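Below is one structure, written out as C-alpha cells; the observations come after it.
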Amino acid sequence: MADDTREADWWRDTVIYQIYPRSYQDDDGDGVGDLQGIARRLDHLVELGIDAVWVSPIYPSPMADFGYDVADYTGIDPLFGTMDDFDTLLAAAHERGLKLILDFVPNHSSDAHPWFREARASRDNPKRDWYIWRDPGPEGEVPNNWQSSSGGSAWTWDATTEQYYLHTFLPEQPDLNWRNPDVRAAMLAAMRFWFEKGVDGFRLDVVYHCIKDEQFRDDPVNPDHDDERDPPFGAVIPTHSTDQPEVMPLVIEPMRALADEMGHRLLIGEIYLPHARLMRYYGEDGSGVQLPFNFALISAEWSAPALCELVTEYERLLPKDGWPNWVLGNHDQSRIATRIGPARAAMAAVLLLAGLRGTPTIYYGEEIGMEDVEIPPDRIRDPWERNMPGKGEGRDPCRTPMRWSDRPNSGFCPQDVEPWLPMGDVAKGNTVDGQRGEDGSMLSLYRALLALRRSQAALHVGDYDTIAAQGDLLLIVRSAAGSRLAIVLNPSDASGAVELPPGAGDPRILLRTQANVALEGGTRCTLPAGAAAIVAL
Ligand code: GLC
C-alpha cells in the first residue's frame with residue numbers, strides 16, 4: 001500500500017477501544033470518571049496494543065441519559081473536565097500514536113439545549129421547526145403509534161404550545177428535524193469544530209433514526225410481541241420511524257463529505273439493522289460511513305454452524321470495497337463474559353481479534369473479562385430500567401467502573417467516595433493490576449492477541465481461505481503475504497478436534513486460551529470445551 005493510501009485508510013488496520021467516560025477513571029474524586037482520568041490511563045491502552053479510542057459523550061448534558069442528551073454540541077461537561085482537559089487528552093493520545101474518536105449524537109438533543117428551549121417557547125419561534133411537532137388527534141391523542149426506545153409513546157405533550165413533540169428516546173431527548181437545512185448546517189458546524197481540533201472521527205449515535213416518514217404513518221403492529229415478556233417498543237415494527245431512504249442523502253452523505261474534506265477522518269454508524277439493510281450505509285462509492293457497526297455477534301448463537309453462517313452471510317452481502325467490522329459488546333449490552341461465560345469470552349476474543357476480517361472494537365473491561373454487576377434496586381441509575389422494569393433493558397450492569405487494582409473502589413475513585421455505580425466483587429484476579437503479567441489471565445491473552453495481530457499480516461489484513469464448521473468446531477484459515485494461520489474455536493460443551501489443512505511445514509500453536517489445547521499427529525488440533533487457538537500452518 002502506498003503511504004498516502006495507508007494514511008487515508010488507517011481505520012482498516014486499527015483496533016478500536018470504547019471508553020464509557022463515567023466509568024473509566026475518576027481523577028477529581030467525585031465518584032464519576034473524567035477526562036484527566038482517561039489521560040492518566042492512556043498507557044494501559046498503549047500496553048494493551050490498541051490503536052484508537054472512542055469516548056462516549058462528554059458534552060454538557062443534564063445526564064438524563066448520561067450524556068446522550070446533549071445540551072451543547074461544542075462544549076465539555078464540567079463533570080468530565082474542561083476544554084483544556086480535552087485538548088490535553090487529545091494531544092496525549094496523539095503523542096502515543098492513538099487516534100481519538102468522539103461520540104456524536106445527531107438524532108436528538110437534550111430538552112435543555114437552547115435550541116429546544118427556543119423551539120418550545122412559541123409556535124412561531126424561528127427554532128420551532130428544528131424539532132418535530134404534531135397536532136393531537138381529535139380526542140387529544142398522540143399523533144401516531146410510534147414507540148420510544150426508552151419506554152412508552154414517542155410523543156410528549158407540550159402544554160404551552162399545545163402540540164406533541166417527538167422523542168425516539170426519553171422525553172428529555174427531543175428529536176431534531178434533519179429535514180430542516182438549518183439543523184443540518186448547525187450539526188455539521190459542530191462536527192467541524194471537533195475535526196478542526198484534530199479529532200480523528202465520530203461514532204454516530206443511532207444515525208439511522210435521523211429521518212422519519214414525512215407522512216408520519218403508523219408503524220405496523222408486531223404480531224409476535226408479548227406484552228408480558230417483551231419491552232414495549234417491540235409492539236410495533238419501526239418501518240416508518242427508522243431507516244428511511246433520505247438518511248443517506250440528508251444526513252450521512254454530508255457528514256462523509258465533511259469527514260473527507262477534513263482529511264482521513266472516520267465515521268462509524270451505530271445502526272442496529274439486519275445485515276442486508278445495514279450494507280446500504282456504506283453508500284455508493286464511499287459516500288456513506290466507513291464502518292456501519294456490525295452488531296451480529298451480540299445476538300449470535302455461539303455454535304460453530306451458526307457462527308460460520310453468520311460470517312459467511314455478512315461477507316457475501318458486503319459491498320465491493322466495504323470493510324468489515326465486528327464488536328462483542330458496548331455500553332448498551334450485557335457483557336460478553338456474562339452472556340457466554342468467562343472461558344468462552346476468551347474464545348470470543350480470539351474470534352474478534354484474530355479470526356474475523358475487519359476492524360474490531362473492544363468495550364472497556366473486556367480485556368480483563370469484566371462481567372455484568374448486579375445492581376441493587378436503590379443503586380439503579382439507568383432510566384430504561386425504571387421505565388421498563390424486569391424487561392432486561394437496564395444498562396447499569398455493563399457500565400460499572402473499570403477495575404484497576406484490588407484496593408477499595410479498585411483504584412477507580414478514592415476509597416472514601418461512593419462510585420456512581422457499584423464496583424461489584426473486586427478481587428485480585430479480576431483487576432488490571434492483578435492480571436498484568438499473569439500467565440493465563442484475560443489481560444495477558446488480550447495483549448498476546450493484539451501483539452500477534454500486529455505482527456501477522458494474515459490477521460490484520462488477511463483474507464479468508466476457509467470458514468467452515470467441522471461438527472461442533474469452527475475452523476477459519478486466513479492468509480497474507482505467504483503466511484497462513486488457522487484460527488480454531490470450540491464453542492461446544494465437549495472437547496473436540498479440528499482437522500487442519502496441510503501447510504508448508506509442521507503446524508505450530510502460536511496462541512491458546514487453555515493449557516490443554518494440543519496438536520496430534522501433525523494435522524489434528526484438539527481443544528477442550530470453550531477453547532480457541534491460533535496455529536501457524
Ligand atoms: C444509543 C446509545 C444509547 C443511548 C441512545 C440514545 O443507542 O448507545 O446509550 O441511550 O442511543 O441516545
Side-chain angles (χ1 to χ4, degrees), residues 296-315 326-329 333-357 360 366-372 429-430 435 438-446 448-449 452 459 464-478 484-503 506-537:
L297 287 175
I298 289 176
S299 48
E301 175 195 329
W302 285 79
S303 75
L307 290 170
C308 178
E309 194 184 317
L310 190 152
V311 179
T312 312
E313 185 232 23
Y314 179 68
E315 286 285 330
W326 297 90
V327 308
L328 298 173
Q333 308 289 341
S334 172
R335 284 184 175 274
I336 181 73
T338 299
R339 299 201 314 270
I340 66 174
R344 282 184 177 70
M347 176 195 74
V350 173
L351 181 67
L352 178 75
L353 299 174
L356 296 171
R357 218 168 66 84
E366 282 174 0
E367 76 272 33
I368 51 169
M370 266 175 73
E371 297 183 49
D372 291 353
N430 63 20
Q435 292 189 12
E438 279 301 300
D439 266 3
S441 73
M442 192 69 104
L443 185 58
S444 299
L445 172 74
Y446 265 79
L449 263 171
L452 194 61
L459 299 185
Y464 295 123
D465 290 358
T466 310
I467 308 172
Q470 282 188 16
D472 291 337
L473 276 70
L474 184 68
L475 167 69
I476 298 176
V477 179
R478 300 187 64 193
R484 274 179 97 215
L485 300 182
I487 297 91
V488 286
L489 266 68
N490 181 2
S492 81
D493 292 330
S495 60
V498 166
E499 229 21 86
L500 298 172
D506 286 338
R508 195 163 48 92
I509 295 179
L510 300 181
L511 179 144
R512 56 187 138 200
T513 63
Q514 295 183 32
N516 41 355
V517 171
L519 288 171
E520 280 173 4
T523 60
R524 251 171 96 78
C525 182
T526 56
L527 297 105
I534 303 175
V535 184
L537 297 176

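For the numbers below, each heavy atom of this structure counts, side chains included, while hydrogens, waters and symmetry mates do not. None of the values given here were measured: they were computed from a predicted structure.
Between the R344 side chain and the A529 main chain, no donor and acceptor come within less than 3.5 Å of each other. The main-chain N or O of A532 is never found under 3.5 Å from a side-chain atom of Q514 such that the two would form a donor-acceptor pair. No donor-acceptor pair closer than 3.5 Å links the side chain of D472 to the backbone N or O of S492. Without hydrogens or angle criteria, E309 side chain to A304 main chain gives no donor-acceptor distance under 3.5 Å. At distances below 3.5 Å, not a single donor-acceptor pair connects side-chain atoms of E371 with backbone N or O atoms of T338. Between the side chain of R508 and the backbone N or O of A536 there is no donor-acceptor pair closer than 3.5 Å. Looking at D465, its side chain never comes within 3.5 Å of a backbone N or O of V477 through a donor-acceptor pair. Judged by distance alone, with hydrogens and angles left aside, the side-chain atoms of R478 form no donor-acceptor pair with the main-chain N or O of R484 at under 3.5 Å. At least one donor-acceptor pair closer than 3.5 Å links the side chain of Y464 to the backbone N or O of R357. Within the 3.5 Å criterion, the main-chain N or O of I368 finds a donor-acceptor partner in the side chain of Q435.
When all heavy atoms of T312 and C308 are compared, the closest pair comes out as OG1-O, 2.5 Å. In terms of heavy atoms, A349 sits closest to L328 at N-CD1, 4.3 Å. In terms of heavy-atom proximity, A497 sits nearest to T526 at CB-CG2, 3.8 Å. Between L475 and A486, the shortest heavy-atom distance links the atoms CD1-CB, 4.0 Å. Looking at every heavy atom in both residues, A345 comes nearest to A337 through CB-CA, 3.8 Å. Across P507 and G522, no two heavy atoms sit closer than the pair CG-O, 2.6 Å.
Within 6.0 Å of atom CG in N516, more than 12 heavy atoms from other residues, nucleotides or ligands are found, so the atom counts as buried in its surroundings.
Separation of atoms CG (L351) and CG (L474) is listed at 7.0 Å; rounding is to 0.5 Å. Rounding to the nearest 0.5 Å gives a distance of 6.0 Å between CG of L310 and CG of L297. Atom-to-atom distance recorded for W302:CH2 and I340:CD1 is 4.5 Å, nearest 0.5 angstrom. We find the CG-CD distance between N490 and Q470 to be 11.5 Å, quoted to the nearest 0.5 Å. Within the model, atoms CG of L353 and CD1 of I534 stand 8.5 Å from one another, a figure rounded to the nearest 0.5 Å. How far CG of L352 is from CE of M347: 12.0 Å, rounded to the nearest 0.5 Å.
Within the 4.5 Å cutoff, side-chain heavy atoms of P501 are placed close to those of L537. Side-chain contact between I487 and L356 is absent, with no heavy atoms from C-beta onward closer than 4.5 Å. With a 4.5 Å cut-off on side-chain heavy atoms, L473 and V488 do not count as touching. Side-chain contact between L449 and V350: present, with at least one pair of heavy atoms (C-beta onward) separated by less than 4.5 Å. Considering only heavy atoms from C-beta on, L485 comes within 4.5 Å of L459 through its side chain.
One side chain, T523 or E499, offers a donor N or O that lies under 3.5 Å from an acceptor on the other.
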message: Run V311 and W326 through side-chain contact (heavy atoms from CB on, under 4.5 Å) and show every step you take.
response: CA-CA 10 Å; V311 179; W326 297 90; 4.1 Å; yes
message: With side-chain contact (heavy atoms from CB on, under 4.5 Å) as the criterion, how do N430 and M370 come out once you've worked through the C-alpha distance, each side chain's angles and the decisive distance to 0.1 Å?
response: CA-CA 7 Å; N430 63 20; M370 266 175 73; over 6 Å; no
field: Pair C525-V517, side-chain contact (heavy atoms from CB on, under 4.5 Å): steps then yes or no
entry: CA-CA 7 Å; C525 182; V517 171; 3.9 Å; yes
- prompt: When you look at L500 and L519, which way does the side-chain contact (heavy atoms from CB on, under 4.5 Å) test go after all the steps?
  reply: CA-CA 10 Å; L500 298 172; L519 288 171; 3.7 Å; yes
